[in-house]
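Okay, structure first, notes after.
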Amino acid sequence: MRTTQRRRPAPALGDLWKGWSAPSVRSAFTAAFAVVVVLVGLRLTVRDDSHAVSWLALPPLAASAFLPWRWVAGVGAASMALAFGYLWMLHDFSMSGVARHGVDFLVVAVAVVIAAAVAVVRERDDDRLRRLAQLASVVQQAILRPIGERLGPFDIAARYVSARSGAEIGGDLYEALDTEYGVRIVIGDVRGKGLDAVRLSSTVLGSFRHVAFERPDQRCMVADLDHAVLRNGGDEDFVTAILLQERGGTLEILNCGHPPPMLVRDGVATYLEPESMAPPLGLGPSAQELTVRLQPGDRIFLYTDGLAEARKDGEFFPIRERAWSLIGHGNTGDGLASLETALRRWVGGPLTDDIALLLLDYRPGAD
């Protein structure tokens, strides 16, 4: 039986040049040709400088750091054409004069080949990074399942802020479920980073999604999650976590070594802290339950320590002071988006840790 190999269709012309739509590409392309024009313009005023042709090797090399290889080849072709034209005019349109400077012309040609090769390798690496980022996004969506905008009496929004470009997954976790025992929520942060942290995060979430529908008491859920961390983690692994449960307008909070949640009510933000902090999951926590009576319009803000430890020049981000202006009004999704924007502007650089964010707006009569 003969098998036919399906050939990959040739890319459309629009696909070949779709990179032109990016402002950075347009700027780089324009700058590369501007360098060509400036160099040639300057050197044309020096009639006896034949070796200025070698300078035309610079634009394609510079373009290889930004542009697709086809565009680099275009810049290189322009450089070679200008090199030939410059030598031809310099020697009174004599081909023999051009031939005497063949080495200078060869330098430009070699630079064009090298620049195109560099661009090809860079594009392949960029494509590989894009595929890895897409894979990380798929894995993250499988582990951190999307949370609906409405859950029980809450309007709810979740957000995962990655500290690393191209890597959208880490050890921060969250989940919210509507069970017969009420709305149950967990947020946590696995010690460490990398694949081990992702694996342990997945284990904790899988365990929570099971026991949340089976255990009527949150303290039993803490014990189950603690055992899951002990069975699946290393000797030094642990997970800081907060478990919340809402029933009939009462919020019950168990904190296992995690930054305290925040209650935003009537323009004032307060931390909901227990009298004593329990150790994280994996270290045998025995958490004390904190009970809060909710009022319509209350907002509960949960976050991981990437936010609590974000700083600029040694000064921590003022979460409580800015909570009302950022997350105290409007819808919950816009509130978290505003918070992330304010945080990045305040830090003024890359974040040092991933951040998981949850914002709950208590509206029992909104259904």
For [X] and [Y], indicate whether the former's side chain and the latter's backbone hold a donor-acceptor pair under 3.5 Å.
{"X": "Arg199", "Y": "Asn232", "answer": "yes"}
{"X": "Thr341", "Y": "Ala337", "answer": "yes"}
{"X": "Arg320", "Y": "Tyr271", "answer": "no"}
{"X": "Arg184", "Y": "Ala212", "answer": "yes"}
{"X": "Arg150", "Y": "Gly152", "answer": "yes"}
{"X": "Ser207", "Y": "Val204", "answer": "no"}
{"X": "Asp334", "Y": "Asn331", "answer": "no"}

Does atom CD (Glu236) have a neighbourhood of more than 12 heavy atoms from anything else shown, all under 6.0 Å?
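Incorrect, the count does not exceed 12.
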Return yes when atom CD of Glu273 has more than 12 non-hydrogen atoms of other residues, nucleotides or ligands closer than 6.0 Å, and no otherwise.
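Above 12, so yes.
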Measuring only between side-chain heavy atoms, which start at C-beta, is [X] closer than 4.5 Å to [Y]?
{"X": "Ile300", "Y": "Leu294", "result": "yes"}
{"X": "Leu307", "Y": "Phe317", "result": "yes"}
{"X": "Phe301", "Y": "Leu339", "result": "yes"}
{"X": "Leu302", "Y": "Leu244", "result": "yes"}

Nearest 0.5 Å, what's the [atom1]-[atom2] distance between [X] and [Y]?
{"X": "Glu214", "Y": "Glu180", "atom1": "CD", "atom2": "CD", "value": "8.5 Å"}
{"X": "Arg299", "Y": "His329", "atom1": "CZ", "atom2": "NE2", "value": "8.5 Å"}
{"X": "Asp224", "Y": "Gln218", "atom1": "CG", "atom2": "CD", "value": "12.0 Å"}
{"X": "Glu246", "Y": "Phe154", "atom1": "CD", "atom2": "CZ", "value": "4.5 Å"}
{"X": "Ile327", "Y": "Met262", "atom1": "CD1", "atom2": "CE", "value": "6.5 Å"}

Should the pair Glu289-Arg219 be classified as a salt bridge under the 4.0 Å nitrogen-to-oxygen rule?
no
Between [X] and [Y], which heavy-atom pair has the shortest distance, and what is it?
{"X": "Ala308", "Y": "Phe316", "answer": "O-CD2, 3.4 Å"}
{"X": "Pro280", "Y": "Asp226", "answer": "O-OD1, 4.4 Å"}
{"X": "Ala310", "Y": "Val347", "answer": "CB-CG2, 4.3 Å"}
{"X": "Arg293", "Y": "Thr250", "answer": "NH1-OG1, 2.8 Å"}
{"X": "Pro60", "Y": "Gly76", "answer": "CB-CA, 4.0 Å"}
{"X": "Val75", "Y": "Ala63", "answer": "CG2-CB, 4.3 Å"}

Any chain of hydrophobic side-chain contacts (each under 4.5 Å) joining [X] to [Y]?
{"X": "Leu283", "Y": "Leu173", "answer": "no"}
{"X": "Leu263", "Y": "Leu290", "answer": "yes"}
{"X": "Ile185", "Y": "Leu177", "answer": "yes"}
{"X": "Tyr174", "Y": "Phe238", "answer": "no"}
{"X": "Tyr303", "Y": "Val161", "answer": "yes"}

Which one of Asp354, Asp172, Asp189, Thr240 satisfies the side chain to side chain donor-acceptor pair (under 3.5 Å) criterion with Thr304?
Asp172
Kindly determine whether Val183 and Leu360 satisfy side chain to side chain contact (heavy atoms under 4.5 Å, CB included), including the steps that lead there.
CA-CA 11 Å; Val183 173; Leu360 314 174; over 6 Å; no
Does Arg128 form a salt bridge (charged side-chain N to carboxylate O under 4.0 Å, His left out) with Asp125? I'd like the steps, not just the answer.
CA-CA 5 Å; Arg128 187 179 300 111; Asp125 290 342; 2.8 Å; yes
